[in-house]
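Each chain gets a letter, A, B and so on, in the order the sequences are listed, and its residues count up from 1.
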Protein chains: 2
Amino acid sequence: MEQQIPDRIRIKDIAIMAGVSVGTVDRVLHNRPGVSLASAEKVRKILKEMNYQPNMYASALASNKKYHFVCLLPKHNEGEYWSDVEAGALQCMNEMHDFHITLSMVYYDQYDIDSFVKSIKLVMDKEPDGVILSPVEEDNTKKLTDMLQEKEIPYVFIDSNIDNLEPIAFFGQNSSRSGALAAKMLLMIEPGIKEVVIFRQIYIGRIGTNQQNNRELGFEEYMRKNHPDCELSTIDLAMNNKEHDMEVMRKYFERHESVTIGLTFNSKAYLISEYLQELGKSNFRLIGYDLLEQNVEFLKNGNNIQFLIAQQPHQQGYRAVTSLCDHLIFHKEVEQINYMPIDLLCAENIDYYTSLNK
Amino acid sequence: MEQQIPDRIRIKDIAIMAGVSVGTVDRVLHNRPGVSLASAEKVRKILKEMNYQPNMYASALASNKKYHFVCLLPKHNEGEYWSDVEAGALQCMNEMHDFHITLSMVYYDQYDIDSFVKSIKLVMDKEPDGVILSPVEEDNTKKLTDMLQEKEIPYVFIDSNIDNLEPIAFFGQNSSRSGALAAKMLLMIEPGIKEVVIFRQIYIGRIGTNQQNNRELGFEEYMRKNHPDCELSTIDLAMNNKEHDMEVMRKYFERHESVTIGLTFNSKAYLISEYLQELGKSNFRLIGYDLLEQNVEFLKNGNNIQFLIAQQPHQQGYRAVTSLCDHLIFHKEVEQINYMPIDLLCAENIDYYTSLNK
DNA sequence: CGTATATTTGTGCTCGTACACACTAAAGGG
DNA sequence: CCCTTTAGTGTGTACGAGCACAAATATACG
């Protein structure tokens with residue numbers, strides 16, 4: 001009925017047991033040269049036997065090593081998706097401050113390839129000990145990661161992963177699976193659905209992550225398997241040009257009067273809801289992504305948005321910093337592929353979600 | 001585009017600025033006597049101005065204080081709900097080990113009032129510095145909390161809260177709200193539903209938490225408001241007496257042939273699914289609670305269970321320990337009421353949930 | 001065999017905080 | 001006026017680990 005853990009073994013204890021001094025144990029622990037093979041093996045054996053775990057607080061205190069991390073994210077405004085990621089990373093940095101960690105942000109323009117390429121230099125100039133980034137497509141991302149790899153600087157991917165590159169960790173959602181969940185909820189809302197529309201955000205010259213695409217692919221696959229009779233139509237929107245978008249919407253609904261349910265695989269559900277309101281379609285139902293303040297508001301008020309699928313961006317940022325610390329400071333194994341939960345929010349459970357994830 | 005935090009101010013720095021020695025600053029920080037009013041105020045002023053934050057690692061290192069926590073939970077088997085809570089608490093203890101924290105478990109029999117009363121002495125005998133418990137009904141819980149309060153031992157409630165008592169923190173779900181979510185999902189599965197059945201777990205002489213009841217109440221209220229025409233029937237099951245339960249089920253379905261959807265507000269959905277299978281009702285649909293291994297298995301395989309509502313028990317245990325540490329060691333404000341997220345799981349998103357919450 | 005040079009091992013100070021103890025200065029008592 | 005008391009203040013050591021440097025031992029070479 002009880003569980004206790006004995007007082008921890010110190011370097012000193014190991015030294016005594018091995019019949020050497022703390023200095024020698026220290027050298028073994030840090031793989032520093034200047035230890036005879038005999039001593040080294042004796043110490044290593046006892047370390048293993050005793051399952052020595054360093055007191056990382058004492059270690060951080062004694063160590064003068066400073067670690068500087070750089071976090072490279074798309075430029076964003078307050079309240080947008082990326083600001084949650086950033087907040088998570090900053091919070092973790094603050095909590096880890098006594099381990100001599102600092103973190104600086106670098107931003108690139110998601111819609112401008114040059115901007116990312118330029119930011120590579122900005123990142124390298126800071127001589128980081130670790131980098132967190134939201135990757136763009138493979139070729140340009142590789143330009144950065146190759147430089148990092150050469151200098152043996154570990155890096156972490158956030159949001160989307162690239163198979164051929166080797167981050168120490170990736171945090172993000174399994175997009176195609178979350179698309180499947182969207183499909184499942186769609187079929188719950190309207191089991192016999194005949195036609196559904198996907199509101200796409202289209203960028204010109206975008207160096208986009210392919211989250212949106214993968215979600216859509218996962219959605220399509222699920223629909224093909226479970227409800228192949230449903231017709232899938234799409235609307236391509238700019239999302240930053242209201243006149244253009246409204247025109248496109250109007251045209252679409254002229255020919256598709258009967259469509260009353262739609263999805264959007266980006267985070268702009270609130271915007272589409274605004275469009276829909278303006279078109280007098282307040283009964284149109286939407287499934288969207290990400291808990292932007294505006295999305296949440298529309299979800300709560302029952303304005304079109306039925307469900308939002310979320311992926312704990314704050315946690316992603318937080319854990320990205322954590323994994324760099326684990327890797328560099330605590331020398332712990334770091335799990336490489338970390339899929340975040342696919343959270344399903346509606347008006348009934350949204351209130352208790354946000355409180356814990358900020 | 002950059003954010004840095006300056007090196008932290010130390011006690012030494014404060015001492016110099018205040019024109020006193022570190023000893024004096026130390027006395028002020030710990031509210032120890034032996035400081036003149038003038039010095040005390042000078043130091044306090046500078047502490048505030050400089051927003052001094054102690055290096056808690058150095059502090060833990062220097063301090064010889066040991067903290068022993070006791071966690072009082074219902075007796076349980078591996079894989080049941082409470083084992084997740086326990087695992088979370090133990091994990092946190094391990095991570096906090098260098099702060100000289102130990103944790104011991106005490107269990108009581110959920111179905112035996114005496115057992116809880118007896119466990120009170122077991123808890124007190126350990127002379128804990130903090131206690132985590134899953135409360136029973138008010139009167140008996142108060143017997144313990146009064147003793148704790150008298151010795152000024154802080155305590156944390158897990159799972160359910162009791163309004164008149166004063167834990168430093170509570171972690172649990174808003175049960176009635178989660179009942180509302182269950183109702184919402186029910187109405188999605190079958191919008192025009194005419195009758196639904198609630199599978200109740202009935203204890204004889206139980207000193208139960210009232211989670212199950214509150215969920216049911218929340219469910220009923222939501223139904224009354226949004227779909228008053230639906231008839232709500234109930235089946236009272238023992239859940240530990242198959243013959244009896246099967247008999248009750250058979251009788252029920254003789255008179256309610258057409259009911260094809262049900263809910264259970266306890267964690268035994270898998271058991272009901274087993275019963276249903278045996279009755280040849282594989283198309284019956286269920287909404288249940290808590291991610292027991294068996295529940296998850298049935299959810300994945302599509303055996304009756306459509307949705308499971310979860311509440312991050314592991315997190316509850318983890319954060320309960322955290323809040324005791326924050327309160328006792330780090331002297332941080334602790335949020336008193338902490339509602340956990342109401343997580344909604346189905347076959348499509350269950351895989352990515354568990355990985356992060358264990 | 002003695003000296004120079006590696007190689008290996010041990011010592012001592014440091015990090016920021018806690019706390020016991022030593023010290024100072026002022027007040028009170030004889 | 002000296003001695004004790006007490007309030008207020010300062011100092012030194014400890015915590016566990018890291019790391020520079022000193023010390024001791026082993027090896028090489030004339």
Side-chain angles (χ1 to χ4, degrees), chain A residues 5-44 46-47 50-67 96-101 328-331, chain B residues 5-44 46-47 50-67 96-101 328-331:
Chain A
I5 289 195
D7 277 325
R8 200 172 268 188
I9 289 123
R10 302 157 299 171
I11 285 189
K12 212 189 195 173
D13 303 316
I14 300 286
I16 293 168
M17 292 187 228
V20 296
S21 74
V22 291
T24 301
V25 178
D26 181 70
R27 277 179 281 265
V28 171
L29 280 170
H30 296 85
N31 295 314
R32 271 194 284 265
V35 186
S36 70
L37 221 97
S39 306
E41 291 200 340
K42 202 161 42 179
V43 170
R44 251 188 280 273
I46 294 181
L47 282 171
M50 294 286 102
N51 183 32
Y52 170 75
Q53 298 294 117
N55 182 326
M56 56 179 169
Y57 305 126
S59 167
L61 190 62
S63 166
N64 288 312
K65 275 203 200 103
K66 313 250 183 253
Y67 297 91
M96 296 269 165
H97 183 259
D98 289 322
F99 292 103
H100 312 115
I101 288 162
L328 287 168
I329 306 178
F330 308 129
H331 307 289
Chain B
I5 288 198
D7 276 327
R8 201 173 265 189
I9 289 122
R10 302 158 298 170
I11 287 189
K12 212 189 197 173
D13 303 316
I14 300 287
I16 293 168
M17 292 187 228
V20 297
S21 75
V22 291
T24 301
V25 177
D26 181 70
R27 277 180 279 266
V28 172
L29 279 170
H30 296 85
N31 294 314
R32 270 195 285 266
V35 186
S36 70
L37 221 96
S39 305
E41 292 200 338
K42 202 161 43 180
V43 170
R44 251 188 280 274
I46 294 180
L47 282 172
M50 295 285 101
N51 184 31
Y52 169 76
Q53 298 293 119
N55 182 326
M56 56 180 170
Y57 306 126
S59 168
L61 190 62
S63 166
N64 289 310
K65 276 205 199 100
K66 313 250 182 254
Y67 298 89
M96 296 269 164
H97 183 259
D98 289 322
F99 291 104
H100 312 115
I101 288 163
L328 287 167
I329 306 177
F330 308 130
H331 306 289

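In this structure, CE in A/M96 is found 7.5 Å from CD1 in A/I329, a value given to the nearest 0.5 Å. Interatomic distance, CZ of A/R8 versus CE of A/M50, reported as 14.5 Å (0.5 Å rounding). Atom CD1 of B/I46 sits about 11.0 Å away from atom CD1 of B/I9, to the nearest 0.5 Å.
Sorted by first and then second residue, the salt bridge (Lys or Arg N to Asp or Glu O under 4.0 Å) pairs with a member in residues 28-44 of chain B read B/D26-B/R32; sequence neighbours excluded.
Counting 5' to 3', DNA chain C first comes under 4.0 angstrom of a heavy atom of chain A and last does so at the ends given by C/dT8 to C/dG16. Protein chain B touches strand DNA chain D; the 5'-most and 3'-most nucleotides with an atom under 4.0 angstrom of its non-hydrogen atoms are D/dG8 to D/dG16.
Shortest non-hydrogen contact noted between B/A40 and B/V35 is N-CG1, 3.7 Å. Between B/Y67 and B/F99, the shortest heavy-atom contact is CD1-O, 4.0 Å.
Only B/V20, B/S21, B/V22, B/G23, B/T24, B/R27, listed by number, bring a heavy atom of residues 19-29 of chain B to less than 4.0 angstrom from any atom of DNA chain D. The stretch residues 30-37 of chain A touches DNA chain D through A/H30, A/R32, each having a heavy atom within less than 4.0 Å of the strand. Within a heavy-atom distance below 4.0 Å of DNA chain C, the residues of residues 51-63 of chain B found are B/Y52, B/P54, B/N55, B/A58, B/S59, B/A62.
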All N/O donor-acceptor pairs, side-chain side in residues 51-60 of chain B, below 3.5 Å, sequence neighbours left out:
{"residue": "B/N55", "atom": "OD1", "partner": "B/Y57", "partner atom": "N", "Å": "3.0"}
{"residue": "B/N55", "atom": "OD1", "partner": "B/A58", "partner atom": "N", "Å": "3.0"}

For residues 11-23 of chain B, dump all side-chain donor-acceptor pairs below 3.5 Å to protein atoms at least two apart in sequence or in another chain.
{"residue": "B/D13", "atom": "OD1", "partner": "B/R10", "partner atom": "NH2", "Å": "3.0"}
{"residue": "B/D13", "atom": "OD2", "partner": "B/R10", "partner atom": "N", "Å": "2.7"}
{"residue": "B/D13", "atom": "OD2", "partner": "B/R10", "partner atom": "NE", "Å": "3.2"}
{"residue": "B/S21", "atom": "OG", "partner": "B/G23", "partner atom": "N", "Å": "3.4"}

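For B/S63, the side-chain hydrogen bond (donor to acceptor under 3.5 Å, both in side chains) test picks out no residue, with sequence neighbours left out.
When the C1' atoms of four end pairs are superposed on the next four at each end of the helix from C/dC1-D/dG30 to C/dG30-D/dC1, using five pairs per end, the two resulting axes differ in direction by 70°, to 10°.
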